[in-house]
Structures are given as structure tokens and as C-alpha cells.
Chemist: 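Input: one structure, supplied below.
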Amino acid sequence: KAGVTQTPRYLIKTRGQQVTLSCSPISGHRSVSWYQQTPGQGLQFLFEYFSETQRNKGNFPGRFSGRQFSNSRSEMNVSTLELGDSALYLCASNDGTLSGELFFGEGSRLTVL
Amino acid sequence: AQSVSQHNHHVILSEAASLELGCNYSYGGTVNLFWYVQYPGQHLQLLLKYFSGDPLVKGIKGFEAEFIKSKFSFNLRKPSVQWSDTAEYFCALPTGNSGGYQKVTFGTGTKLQVIP
């Protein structure tokens with residue numbers, strides 16, 4: 001079956017702009033979570049959605065937001081971009097259980113100039 | 001609050017050498033633990049997981065890990081590494097909140113470089 005698909009794969013923005021990233025989970029997975037990956041910080045949890053409800057969120061400012069649609073596709077938005085937002089944004093889907101393996105997408109690499 | 005520590009940030013080994021990557025966690029609830037691997041240019045994928053039962057778990061490509069509750073550890077091992085094991089390895093701890101799932105706390109990762 002098809003894996004997790006993230007779009008766009010690469011994007012360049014300037015400070016102050018906003019960006020929307022998209023994630024299509026594996027068919028049948030109702031949980032989608034987002035992570036920010038940077039060389040110094042590793043993977044930092046942003047938020048997790050299950051059946052259109054945000055169940056958990058990490059310690060990121062309110063500029064980072066997300067949503068999930070009825071077909072389980074998810075988007076995350078970052079407003080008022082800062083240089084420090086440059087990172088690889090990873091989306092992962094699973095069956096919503098603690099023992100469930102996370103299936104990751106290739107990521108969206110955001111560069112903020 | 002939960003946390004995961006990986007103390008080895010960069011490990012360089014020759015082929016056929018044995019590997020042990022450290023992972024320590026801090027969490028007061030039921031513990032599940034994972035090791036994920038990211039090969040160069042590829043997405044993160046599951047290497048192995050501990051959910052319950054036998055504390056010695058075996059994963060893909062000859063990797064294994066042992067959950068030692070008394071030491072809060074889940075170290076990854078492989079008796080003989082290959083050049084193709086060159087990758088970044090992440091230890092991960094999934095935890096739930098009152099709303100259900102789901103937050104996975106990752107260690108900062110260990111970059112393994114295997115020299116032919």
C-alpha cells in the first residue's frame with residue numbers, strides 16, 4: 001500500500017511569510033503526527049491528530065498550527081516565519097495506539113531566508 | 001515529564017565490529033520503546049520495538065535491544081556491523097495523555113559510520 005506522502009518536498013520562504021505543509025497518511029491510519037527535525041535538536045514533537053481531533057501537542061509557539069480532515073489528511077501551518085523555523089518537517093501516521101509503529105513520510109524541507 | 005537520552009552522538013566502527021548504542025529513558029508510566037533508523041536519503045523506519053513480555057527484542061537486519069527496567073535502559077546491539085548499517089539511529093518513547101495518545105519523545109539520535 002502507498003506510504004505517507006508529504007508535499008511539498010522542498011520550499012524556500014522569507015521571514016514573516018507563512019507556509020502550509022500537507023500530509024496524506026497510509027490508508028486506514030487515523031492518527032497523524034508532526035515532528036520538526038533539526039541537526040541540533042533531533043526530532044521535536046509538534047502535535048498529533050486522531051479523527052480530526054488534536055490529542056496532544058508539543059512545546060511550540062502558537063505560530064505552529066495544524067488540522068486534520070475527515071479523510072485523515074493533515075496540514076500544518078506556520079505563520080510569521082522566523083529563521084529558526086528552517087528544518088525538516090516530518091509527518092507520521094499510525095493506527096493511533098501506543099504500540100503502533102509510526103510510518104514516516106520523506107519530509108518537507110523548509111528554508112527560511 | 002518523559003525524556004529519552006542517547007549519549008553517543010557519533011560512532012565510527014570498522015566492518016565486523018560489534019555495536020552497542022545507549023538509550024536511557026525517564027517515564028513513570030507503562031513503557032513502550034522503539035528504535036528507528038534513518039538511512040542516508042531515506043525516511044525514518046522502525047528497527048524494533050518493545051511493548052511487553054520478553055525484554056530482549058529482535059529487529060530487522062540482525063539488530064536486537066534489551067529492555068532493562070532497573071536501569072531505565074533500552075540499548076541497541078548488533079554483533080557484527082556492515083557498511084550498509086551506516087545511518088542515524090533514534091530511540092523513541094511513546095506516551096499518552098488523558099486524551100488518548102499520543103506523543104513520541106525521540107532521543108537526539110546517534111550517527112553511526114561504518115568504515116569498510
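In the text below, chain A, chain B and the rest are named by the order of the sequence lines, each starting its count at 1. Please read these numbers as outputs of a predicted model, since none were measured by experiment.
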Chemist: Examine whether an atom of A:L90 lies under 4.5 Å from a heavy atom of chain B, and if so say whether it belongs to the side chain, the backbone or both; otherwise answer neither.
Modeler: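 Just the side chain, heavy atoms under 4.5 Å.
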Chemist: Could you state whether B:Y36 and B:V4 fall into the same hydrophobic cluster, counting links through intermediate Ile, Leu, Val, Met, Phe, Trp or Tyr residues with side-chain heavy atoms under 4.5 angstrom apart?
Modeler: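 No.
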Chemist: Within a radius of less than 6.0 Å around CG of A:N59, do more than 12 heavy atoms belonging to other residues, nucleotides or ligands occur?
Modeler: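 12 or below, so no.
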Chemist: State, to 0.1 Å, how close B:F90 and A:L43 come at their nearest heavy-atom pair, and which atoms those are.
Modeler: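 Taking B:F90 first and A:L43 second, the nearest heavy atoms are CE2-CD1, 3.4 Å.
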Chemist: Please indicate whether A:R30 has more than 12 foreign heavy atoms, meaning atoms of other residues, nucleotides or ligands, lying under 6.0 Å from its CZ.
Modeler: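 Check fails, neighbour count at 12 or below.
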Chemist: Is the number of heavy atoms from other residues, nucleotides or ligands within 6.0 Å of CZ (A:R15) greater than 12?
Modeler: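 It does not: A:R15 CZ has 12 such atoms or fewer within range.
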Chemist: Taking non-hydrogen atoms and a cut-off under 4.5 angstrom, which of residues 103-113 of chain A neighbour chain B?
Modeler: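 Those residues of residues 103-113 of chain A which have a heavy atom under 4.5 Å from chain B are A:F104, A:G105, A:E106.
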Chemist: Return the CG to CG distance between B:L46 and A:N94, rounded to the nearest 0.5 Å.
Modeler: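 Taking CG in B:L46 and CG in A:N94, the distance rounds to 11.0 Å.
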Chemist: Please say yes or no: joined through hydrophobic side-chain contacts below 4.5 Å, possibly via intermediate residues, are A:Y89 and A:V32 part of one cluster?
Modeler: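 Shared cluster, yes.
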Chemist: Output the distance between atom CD (B:Q38) and atom CD (A:Q37), rounded to the nearest 0.5 Å.
Modeler: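 Reported to 0.5 Å precision, the distance equals 4.5 Å.
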Chemist: Would you compute the distance between atom CG of A:L102 and atom CZ of B:F34 and round it to the nearest 0.5 angstrom?
Modeler: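 Output value for this atom pair is 6.5 Å.
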Chemist: Quick check on the interface: out of B:H43, B:H9, B:Q6, who has the most heavy-atom pairs with chain A under 4.5 Å?
Modeler: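 Ranked by contacts with chain A, first place is B:H43.
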Chemist: Are B:V104 and B:Y89 joined in one hydrophobic group, where the rule is that I, L, V, M, F, W and Y side chains link up if heavy atoms are under 4.5 Å apart?
Modeler: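 Different hydrophobic clusters.
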Chemist: About how many Å separate CD of B:Q45 and CD of A:E101, when rounded to the nearest 0.5 Å?
Modeler: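 Answer rounded to 0.5 Å: 9.0 Å.
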Chemist: Would you kindly confirm whether B:V81 and B:L21 end up in one hydrophobic cluster when ILVMFWY residues are joined by side chain heavy atoms under 4.5 Å apart?
Modeler: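 Yes, it is one cluster - the side chains of B:V81 and B:L21 are joined through contacts under 4.5 Å.
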Chemist: So if I take each residue of residues 106-116 of chain B and look for any heavy atom under 4.5 Å from a heavy atom in chain A, which residues do I end up with?
Modeler: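 Checking residues 106-116 of chain B against chain A gives B:F106, B:T108.
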Chemist: With a 4.5 Å cut-off on side-chain heavy-atom distances among I, L, V, M, F, W and Y, is there a chain of contacts connecting B:V37 to B:L19?
Modeler: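 Yes, it is one cluster - the side chains of B:V37 and B:L19 are joined through contacts under 4.5 Å.
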